[in-house]
Amino acid sequence: QVQVVESGGGSVQAGESLTLSCAVFGYTYNSNCMAWFRQAPGKEREGVAAIGTGGGSTYYADSVKGRFTISQSNAKNTVYLQMNSLKPEDSAMYYCAAQYLGLCAGSWLNPPVYNVWGRGTQVTVSS
């Protein structure tokens, strides 16, 4: 069964860092895309960062550029989100998403691009 599983969330103070991990099970991805999304209570799901798993291209939401970095393991079975200089407004449930077998068309920060989703990991940043 194809699935992605997030880990690494937690509670931190503003200005601190966290690294989220997304482990891929059930398939070896290649030439596809993966992304991190987040959703705070009462808000829509927001694309945070995306990566092309074949060529390594990366995309970021303006709100996290310069602070967050998406990367993948050499074995291409784990995607990471390094989050630095965290702010209270970064608090949300963070979800990993993957496009399995299909094409990564359009903006890679849009949820409809992806057909495999994790259950999320909570990030809370206090001031």
Side-chain angles (χ1 to χ4, degrees):
Q1 181 179 356
V2 175
Q3 59 178 337
V4 295
V5 180
E6 306 95 336
S7 62
S11 296
V12 297
Q13 297 287 322
E16 294 184 341
S17 300
L18 275 176
T19 300
L20 305 183
S21 299
C22 173
V24 179
F25 298 95
Y27 75 104
T28 300
Y29 60 80
N30 188 36
S31 299
N32 276 54
C33 54
M34 294 188 66
W36 286 95
F37 290 80
R38 66 187 182 187
Q39 189 167 19
K43 295 188 176 181
E44 292 187 355
R45 190 164 295 192
E46 171 192 21
V48 174
I51 186 167
T53 56
S57 300
T58 57
Y59 305 88
Y60 297 94
D62 288 342
S63 57
V64 306
K65 281 181 182 177
R67 300 188 299 122
F68 290 12
T69 303
I70 189 170
S71 62
Q72 59 184 339
S73 64
N74 290 336
K76 295 189 176 182
N77 56 5
T78 305
V79 171
Y80 305 98
L81 184 68
Q82 173 69 43
M83 305 184 295
N84 298 327
S85 302
L86 282 163
K87 304 176 181 179
E89 51 263 43
D90 294 320
S91 297
M93 185 70 78
Y94 282 71
Y95 298 91
C96 178
Q99 167 49 250
Y100 176 56
L101 295 182
L103 297 176
C104 297
S107 170
W108 289 7
L109 295 180
N110 282 342
V113 170
Y114 303 93
N115 55 5
V116 179
W117 290 83
R119 294 187 176 184
T121 185
Q122 179 68 40
V123 173
T124 303
V125 185
S126 56
S127 58

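Counting begins at 1 with the first residue of the sequence.
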Practice prompt. Locate the shortest heavy-atom distance separating Ala61 from Gly47; write the atom from each residue and the value.
Written response: CB-O, 3.3 Å
Worksheet item: Given the rule that I, L, V, M, F, W and Y join up when any side-chain heavy atoms are under 4.5 Å apart, are Ile51 and Leu101 in one cluster?
Response: yes
Worksheet item: If only atom types and distance count, is the side chain of Ser57 paired as donor or acceptor with the main-chain N or O of Gly52 below 3.5 Å?
Response: no
Worksheet item: If you look at every heavy atom in Ala92 and Ala40, which pair is closest and at what distance?
Response: CB-N, 3.9 Å
Worksheet item: If you count the non-hydrogen atoms of other residues, nucleotides and ligands that lie under 6.0 Å from CD in Gln13, is the total more than 12?
Response: yes
Discussion item. Same cluster or not: Tyr95 versus Val125, using hydrophobic residues (I, L, V, M, F, W, Y) connected whenever any side-chain heavy atoms lie under 4.5 Å apart?
Written reply: no
Discussion item. A side-chain contact here means heavy atoms from C-beta on lying under 4.5 Å apart; do Tyr94 and Glu6 qualify?
Written reply: no
Item to complete: Quick one: pull up CE in Met93 and NZ in Lys43 and give me the separation to the nearest 0.5 Å.
Response: 15.5 Å
Practice prompt. Taking all non-hydrogen atoms of both residues into account, name the closest pair between Gln3 and Val116 and its distance.
Written response: CA-CG1, 4.1 Å
Discussion item. As a test of understanding, state which of Asp90, Leu20, Leu18, Asn84 forms a side-chain contact (heavy atoms from CB on, under 4.5 Å) with Phe68.
Written reply: Asp90
Discussion item. I'd like to know if Val48 and Met83 are part of one continuous hydrophobic network [Ile/Leu/Val/Met/Phe/Trp/Tyr, side-chain heavy atoms within less than 4.5 Å].
Written reply: yes
Fill in: Glu46 side chain near Ser63 side chain, heavy-atom distance below 4.5 Å
yes
Worksheet, complete the sentence: To the nearest 0.5 Å, atom OH of Tyr80 lies from atom CH2 of Trp36 at 10.5 Å
Worksheet item: Which value, rounded to the nearest 0.5 Å, describes the distance between Thr69 atom OG1 and Leu81 atom CG?
Response: 8.0 Å
Worksheet item: At their closest point, which heavy atom of Ser127 faces which heavy atom of Pro88, and how far apart are they?
Response: CB-CG, 3.9 Å
Worksheet entry | Heavy-atom pair with the smallest gap, counting every atom of Ala98 and Val4 | CB-CG1, 4.2 Å
Worksheet entry | disulfide bond (SG atoms under 2.5 Å apart) contacts in which one or both residues fall within residues 39-90, not counting sequence neighbours | none
Worksheet item: Linking I/L/V/M/F/W/Y whenever any side-chain heavy atoms sit under 4.5 Å apart, do Val5 and Val24 land together?
Response: no
Worksheet entry | Donor-acceptor under 3.5 Å (Thr53 side chain, Asn32 main chain) | yes
Worksheet entry | Point-to-point distance, once rounded to the nearest 0.5 Å, from CE of Met34 to CD of Gln72 | 9.0 Å
Item to complete: Measure the CD-OG distance between Glu16 and Ser126 for me, rounded to the nearest 0.5 Å.
Response: 8.0 Å
Practice prompt. Answer with yes or no whether the hydrophobic clustering places Val113 together with Tyr60; edges join I, L, V, M, F, W, Y residues whose side-chain heavy atoms lie under 4.5 Å apart.
Written response: no
Worksheet, complete the sentence: Output for pair (Ser21 OG, Gln82 CD), nearest 0.5 Å, gives 10.0 Å
Worksheet item: Do the non-hydrogen side-chain atoms of Tyr59 and Ile70 ever get within less than 4.5 Å of each other?
Response: no
Worksheet item: Can you pull the side-chain hydrogen bond (donor to acceptor under 3.5 Å, both in side chains) pairs that have at least one residue in residues 100-114, sequence neighbours excluded?
Response: none
Item to complete: With sequence neighbours left out, write down each residue that passes salt bridge (charged side-chain N to carboxylate O under 4.0 Å, His left out) with Lys65, or none if nothing qualifies.
Response: Asp62
